[in-house]
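Below: the structure, in structure tokens.
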Amino acid sequence: MPNSPTDAPPATSRAGERAAQLYREGNRFYDEARFAEAEARYQAAWDLQQSFDVAGNLGNVELEVNQPREAAEHLQYALNTFPLGEKAEKKSFLQKRLAVARSQVGALRISVNVDDAEVLIDGKVVGHSPLDTEVFVDPGKRTIEARRAGARTSTSLLVARGSDQSIALSLDSGPNIPLVVAGGAVGLLGLASGVTFAILSTAKGESAATEPLGSARRTDLRDAQTTLANVSFWSFLGGGVVLAGTALYAFSTSSRAPVTKAGLPRLYAAPFVSAEANGLLLGASF
């Protein structure tokens, strides 16, 4: 085959016999300069069996039928999988044809800040992050998008012939873990302080009950009991508010996060005060 990377049929597989037949037919059509028919045969062989030689001949003929983006993809595949021991002139031929294809398209290196995000170009899925290879696109305005688990982001850019660009996409990766930990620690400290002051307040009340009515000592103990009860109440309230806010932040950001996280219970807290006792009502829903 003139200007063809290889004339040998592709290696056999379960579909190898049919792929080899299509491959030989493609070679024959190529020799007769019937490039459209050759492209169709090579494409059918590629659909059955993906190998460097099928990719090389398919990419080569795709240039002849004005499909430079597809040509670049297949020629790059052929070079990436080029086997040891093959002739150096075949590799050189593939490299030259790839250079021709690249001059007619744009090349994008796309990165996403999270793994396993679906990457789309103009609404068509081209892979999942991280993308190990560059993506070839037709010149013109292109829309690049990444999405996962309800989170998505996109950007548009103008691609010129022969251009080579890097695109970084960022998806919401969920709550700030140090902030959640700090909020939880502060909230729990508030609750612990509330419990401590509630115990001290109760102890003052019990001590006051043993003192004679109207005595200065009894009055001082009752005043201390009231002060400690107020401190306990506001400690419970502050801790509960911080915990509730932290939980709300964690759940709201987790719902936008592309990484699935284990479900956590929803917490709620409500302070209460009565003549006999004071404290914080805690609950959870799953």
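Here the structure is a predicted model, which is why all the values come from computation and not from measurement.
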Exercise. Under 3.5 Å, side chain of S163 to main-chain N/O of V159, donor-acceptor pair present?
Worked result: no
Exercise. Is it true that K90 and D53 make a salt bridge, defined as a side-chain N closer than 4.0 Å to a carboxylate O?
Worked result: no
Exercise. Can R152 and E145 be counted as an ion pair, charged N to O under 4.0 angstrom?
Worked result: yes
Exercise. Going by heavy atoms in the side chains, are N57 and N27 under 4.5 Å from each other?
Worked result: yes
Problem set entry | Non-hydrogen side-chain atoms of I167 and T155 separated by less than 4.5 Å | yes
Exercise. Linking I/L/V/M/F/W/Y whenever any side-chain heavy atoms sit under 4.5 Å apart, do V65 and L58 land together?
Worked result: yes
Exercise. Quick one: does I121's side chain get under 4.5 Å of V135's, heavy atoms only?
Worked result: yes
For this session: Please confirm whether F29 and F35 have ring centers closer than 6.0 angstrom.
Result: no
Exercise. Is atom CZ of R109 surrounded by more than 12 heavy atoms (other residues, nucleotides or ligands) closer than 6.0 Å?
Worked result: yes
Problem set entry | Cationic N near anionic O, under 4.0 Å, E64 to R97 | yes
Problem set entry | Gap separating the OG1 atom of T202 from the CZ atom of F197, nearest 0.5 angstrom | 13.0 Å
Exercise. Would a line drawn from the ring center of W46 to the ring center of Y77 be shorter than 6.0 Å?
Worked result: yes
Exercise. Listed by chain and number, what are the side chain to side chain donor-acceptor pair (under 3.5 Å) partners of E62, not counting sequence neighbours?
Worked result: H74
Exercise. Would you say L157 and Q165 make side-chain contact, with heavy atoms under 4.5 Å?
Worked result: yes
Exercise. For residues Q21 and R18, is any side-chain donor paired with an opposing acceptor at under 3.5 Å?
Worked result: yes
Seminar exercise, completed: Rounding to 0.5 Å, atoms CD (E73) and CG (L98) come to a distance of 11.0 Å
Exercise. Mind checking whether V114 and V119 sit in one hydrophobic cluster, side chains of I, L, V, M, F, W, Y counted as touching below 4.5 Å?
Worked result: yes
For this session: Taking the side chain as every heavy atom from C-beta outward, state whether D116 and R148 have any atom pair closer than 4.5 Å.
Result: yes
For this session: Considering non-hydrogen atoms only, spot the tightest contact between V105 and A72 and give its length.
Result: CG2-CB, 4.4 Å
Problem set entry | Over all atoms of both residues, closest heavy-atom pair of L221 and E211 | CD1-CG, 3.8 Å
Exercise. Taking all atoms of both residues into account, what is the closest heavy-atom pair of Q104 and L63, and its distance?
Worked result: NE2-CD2, 4.2 Å
Exercise. If you look at every heavy atom in Q49 and G16, which pair is closest and at what distance?
Worked result: OE1-CA, 3.4 Å
Exercise. Do V241 and F233 belong together in a cluster built from hydrophobic side chains that touch within less than 4.5 Å?
Worked result: yes
Exercise. With a 4.5 Å limit on heavy-atom distance, are the side chains of I144 and I110 in contact?
Worked result: yes
Exercise. How far does CG of L108 sit from OG1 of T133, to the nearest 0.5 angstrom?
Worked result: 11.5 Å
Exercise. How long is the gap from OG1 on T81 to CD on Q76, to the nearest 0.5 Å?
Worked result: 10.0 Å
For this session: To the nearest 0.5 Å, tell me how far S207 OG sits from R218 CZ.
Result: 11.0 Å
Problem set entry | Min side-chain heavy-atom separation D115-P130 under 4.5 Å | yes
Problem set entry | Under 3.5 Å side-chain donor-acceptor pair for N60 and Y42 | no
Exercise. Does V100 share a hydrophobic cluster with L79, counting links as ILVMFWY side-chain heavy atoms below 4.5 Å and allowing steps through other members?
Worked result: yes
For this session: First locate atom CG of L75, then atom NZ of K96, and finally report the distance between them rounded to the nearest 0.5 Å.
Result: 14.0 Å
Exercise. Transitively linked via ILVMFWY side-chain contacts under 4.5 Å: L188 with V195?
Worked result: yes
Exercise. Salt bridge check: are R41 and E37 linked by an N-O gap of less than 4.0 Å?
Worked result: no
Exercise. Are L120 and V126 close enough that some pair of their side-chain heavy atoms sits under 4.5 Å apart?
Worked result: no
